[in-house]
> 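Supplied in structure tokens, the structure appears directly below.
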Amino acid sequence: MYEISGNSARHKSYLLATNRLVDMQFLDTIPNVFKCFGQCDKVITEFAMQDYEAIAALRQAALLPDSVILSNFYSESEYGRIDNTLRNYLGLGMDKLCRMKPSYLTEMIRTELMKQWLQYNEQRSMENFFETVAAERDMPVIGLDNIGETMYMLFDREPFHWQCTELLKVVDYPEIEVKQERTIKAMYLDGRLSDISYQIEGPDNISTLSYSDYKVYTQRNQQWVKRLKPFLTEGGCFITLNAIYLGGDKGLIEQLRAAGYRVRPYNRTIKIKK
């Protein structure tokens, strides 16, 4: 967790790095995290998932245009492997899911891989804990991305042909995805946020979470700093974001510092690697 101050901020704000594979019980090991949360009057996150109308819009955005037939982009053998994988993990085949964008199918498979191999439990994940608590307390939950930007990030940040390639990759090489997520989780638990960014952007990374995604994230970080400015000026923000966006030379933490904010580890046990 990080404390944000300076640059005309009236009150301190806090930035919590999260990892969806980490159980919310881990929050008990972060000194004063609940105290800091209690000092804030708003939660800021990537996308305000409590907006159910927005979630419905996202589901609609996951659909392919009527003019696109997904089977045309694969050989019969490839399409069959995708169908078998979806049936094994989700109990649904391409007869039911053929209208979904490849990026959506990829993420569905990755999520099931995390559940089966890395004990991912969405209900117990630390990722949305404070957002959920804030909603229960009628505390404002603010998304840094609007609905259009969120739809782009989820379903369209990669060209369609590359989405098709990545879907087949996660079907044929699931162990690569599991290894990548296990490595990132280990780095997170050790407080090595910069190493996470290097792991994603590195040339040896051949998982579906790769350098092209990292470039999109760093570009978005620049926009996030601008959007955070009025909230940080007022202060009292509890910002909770996935650790993959935060570390490295182009991560959100360094971009906040470049914008004039003082960002320091609130938990002194966290290791900062320059």
Side-chain angles (χ1 to χ4, degrees), residues 1-22 26-27 29-33 35-37 39-40 42-47 126-131 141-145 149 153 181 183-202 205 209-211 213-274:
M1 185 170 67
Y2 294 80
E3 178 187 278
I4 305 173
S5 60
N7 202 14
S8 302
R10 298 190 185 98
H11 304 283
K12 294 176 180 177
S13 293
Y14 301 92
L15 171 60
L16 176 69
T18 65
N19 180 289
R20 70 170 179 167
L21 299 181
V22 176
F26 177 73
L27 294 168
T29 71
I30 304 176
N32 296 314
V33 65
K35 175 184 176 181
C36 293
F37 175 70
Q39 293 173 349
C40 296
K42 66 183 73 67
V43 168
I44 299 179
T45 188
E46 180 177 357
F47 172 61
M126 70 176 298
E127 188 171 47
N128 298 319
F129 176 83
F130 287 105
E131 181 182 344
V141 178
I142 301 163
L144 287 172
D145 283 347
E149 291 164 333
M153 288 299 298
E181 291 293 340
T183 300
I184 289 174
K185 179 183 177 181
M187 290 175 173
Y188 172 83
L189 293 174
D190 199 30
R192 295 154 53 199
L193 299 191
S194 290
D195 285 354
I196 292 175
S197 69
Y198 302 147
Q199 175 70 20
I200 295 171
E201 67 172 319
N205 174 21
L209 180 60
S210 59
Y211 179 67
D213 298 292
Y214 182 78
K215 287 199 299 183
V216 174
Y217 295 155
T218 57
Q219 291 168 0
R220 184 177 58 165
N221 282 342
Q222 297 173 7
Q223 188 66 34
W224 278 2
V225 170
K226 296 177 183 178
R227 291 179 182 175
L228 280 168
K229 183 177 181 178
F231 299 114
L232 293 176
T233 299
E234 180 181 342
C237 304
F238 194 87
I239 307 164
T240 173
L241 292 169
N242 193 304
I244 63 176
Y245 308 138
L246 303 185
D249 297 336
K250 298 179 181 178
L252 183 64
I253 290 173
E254 286 304 319
Q255 295 204 32
L256 284 169
R257 288 170 175 159
Y261 297 97
R262 183 187 183 200
V263 185
R264 67 178 185 88
Y266 193 82
N267 175 5
R268 287 299 183 180
T269 64
I270 290 179
K271 303 177 181 67
I272 304 297
K273 184 173 181 179
K274 294 294 185 181

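Heavy atoms only: backbone and side chains are in, while hydrogens, waters and symmetry mates are out.
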> Going from CD on E46 to OG1 on T240, what distance comes out if it is rounded to the nearest 0.5 angstrom?
10.0 Å
> Please give me the minimum heavy-atom distance between I30 and M1, naming the atom from each residue.
CG2-CB, 4.3 Å
> Working to the nearest 0.5 Å, report the span between OG1 of T18 and OH of Y188.
6.0 Å
> What closest approach, in Å, do E131 and T45 show between heavy atoms, and which atom pair accounts for it?
OE1-CG2, 3.9 Å
> Quick check: closest heavy atoms across C237 and C40, and the distance to 0.1 Å?
O-SG, 3.4 Å
> Is NZ or CZ of R220 both nearer than 6.0 Å to the six-membered ring centre of Y245 and within 45° of the ring axis?
yes
> Of all the heavy-atom pairs spanning Q255 and T218, show the shortest one and how long it is.
NE2-O, 3.3 Å
> For the NZ atom on K42, are there more than 12 heavy atoms of other groups (residues, nucleotides or ligands in this structure) within a distance under 6.0 Å?
yes
> Could you go through the side chain to side chain contact (heavy atoms under 4.5 Å, CB included) check for L27 and V22 one step at a time?
CA-CA 9 Å; L27 294 168; V22 176; over 6 Å; no
> Atom CZ in R20, atom CE in M126: separation rounded to 0.5 Å?
14.0 Å
> In Å and rounded to the nearest 0.5 Å, what is the CZ to OG distance from R192 to S197?
11.5 Å
> Can you tell me how far apart OH (Y261) and CG (N7) are? Round to the nearest 0.5 Å.
4.5 Å
> Nearest 0.5 Å please: distance from the NZ atom of K35 over to the CD atom of Q39.
6.0 Å
> Tell me if the aromatic rings of Y14 and Y266 count as close, with their centers under 6.0 Å from one another.
yes
> With under 30° as parallel and over 60° as perpendicular, where do the rings of F130 and F37 fit, or are they tilted in between?
tilted
